[in-house]
Amino acid sequence: QKEVEQNSGPLSVPEGAIASLNCTYSDRGSQSFFWYRQYSGKSPELIMFIYSNGDKEDGRFTAQLNKASQYVSLLIRDSQPSDSATYLCAVSRMDSSYKLIFGSGTRLLVRP
Amino acid sequence: KAGVTQTPRYLIKTRGQQVTLSCSPISGHRSVSWYQQTPGQGLQFLFEYFSETQRNKGNFPGRFSGRQFSNSRSEMNVSTLELGDSALYLCASSGDKRTTNEKLFFGSGTQLSVL
């Protein structure tokens with residue numbers, strides 16, 4: 001079992017729709033959760049982070065965390081073609097190992 | 001504030017050679033992490049340095065090594081290159097808070113091709 005799992009996609013949504021990206025993790029001691037966006041040929045860019053159960057909103061992005069279910073998600077409202085990218089979920093452990101564990105990423109395609 | 005700077009941007013080497021990659025973190029950041037990204041394996045953690053000390057190392061062979069200088073700049077070295085070392089090598093820096101809430105900011109990466 002991978003430590004951080006994501007559906008590789010592609011997830012295809014029409015412009016203006018809500019895109020829902022999901023991530024599960026195996027380490028119950030995980031404390032911090034991050035979403036990175038990576039355009040083709042570019043480096044990952046941090047777009048959201050969440051530390052507590054519940055929802056966290058930032059503009060069109062909402063991160064949701066459910067530690068009991070070991071589940072974190074990213075919602076993108078009013079999806080735009082410019083949102084087409086690979087979204088990486090990353091988890092930080094509790095043991096101060098000073099590293100992030102990344103999922104393999106979900107490719108999102110927003111159709112005009 | 002300047003971002004994370006990695007050099008060179010592209011490298012082509014042959015099997016058996018060695019290579020050194022360089023990373024300058026965001027000003028004020030003291031932690032530097034290195035990741036290898038390949039299409040098949042995704043982002044894999046190599047190692048992390050803080051104040052010139054390696055705090056953690058990933059599951060890579062000893063051919064992969066790194067160091068950090070007093071100005072927080074970091075280098076990673078790969079010796080005896082193999083074809084499978086072809087990858088995008090990403091450096092990321094984070095602030096000096098020793099918590100698991102550190103956010104990583106990535107450089108543009110070095111694309112290494114081993115022929």
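Protein chains get the first letters and strands the later ones, always in sequence-line order, with residue 1 at the start of each.
Environment of CZ in A/Arg77: crowded, with over 12 heavy atoms of neighbouring residues, nucleotides or ligands closer than 6.0 Å. Within 6.0 Å of CG on B/Asn59 lie no more than 12 heavy atoms contributed by other residues, nucleotides or ligands. Summarising the local packing, CZ of A/Arg107 is surrounded by 12 or fewer heavy atoms from other residues, nucleotides or ligands at distances under 6.0 Å.
Within residues 38-49 of chain A, the residues having any heavy atom under 4.5 Å from a heavy atom of chain B are, by residue number, A/Gln38, A/Gly41, A/Ser43, A/Pro44, A/Leu46, A/Phe49. Using a 4.5 Å cut-off between non-hydrogen atoms, the part of residues 107-115 of chain B that approaches chain A consists of B/Gly107, B/Ser108.
In this structure, B/Phe45 is not a member of the same hydrophobic cluster as B/Trp34, with clusters built from ILVMFWY side-chain heavy atoms closer than 4.5 Å. A/Ile101 and A/Phe34 are assigned to two separate hydrophobic clusters, defined by single-linkage of ILVMFWY side chains at heavy-atom distances under 4.5 Å. Using a 4.5 Å cut-off between side-chain heavy atoms of Ile, Leu, Val, Met, Phe, Trp and Tyr, with links allowed through other members, A/Trp35 and A/Val13 fall into the same hydrophobic cluster. Hydrophobic clustering (side-chain heavy atoms under 4.5 Å, transitive across Ile, Leu, Val, Met, Phe, Trp, Tyr) keeps B/Leu43 apart from B/Phe64. The cluster map of Ile, Leu, Val, Met, Phe, Trp and Tyr, joined by side-chain heavy atoms under 4.5 Å apart, puts B/Met76 and B/Leu81 in the same cluster.
Proximity of a side-chain donor or acceptor of B/Tyr35 to a complementary backbone N or O of A/Phe102 within less than 3.5 Å is not detected.
The parts of B/Leu104 that come within reach of chain A are both its backbone and its side chain, each placing non-hydrogen atoms under 4.5 angstrom from that chain. Of the atoms belonging to B/Gln44, not a single heavy atom falls under 4.5 Å from chain A. Contacts of A/Leu88 with chain B are made by side-chain atoms alone, with heavy-atom separations under 4.5 Å and no backbone atom involved. Residue A/Tyr36 touches chain B through its side chain alone, counting heavy-atom pairs closer than 4.5 Å.
With sequence neighbours left out, A/Tyr87 forms a ring pair (Phe, Tyr, Trp, His ring centres under 6.0 Å) with no residue at all.
Atoms OG and CD, on A/Ser104 and B/Gln37 in that order, are 10.5 Å from each other to the nearest 0.5 Å.
Legend: side chain to side chain donor-acceptor pair (under 3.5 Å) pairs involving residues 5-23 of chain A, not counting sequence neighbours, sorted by first then second residue: A/Ser12-A/Arg111, A/Asn22-A/Tyr71.
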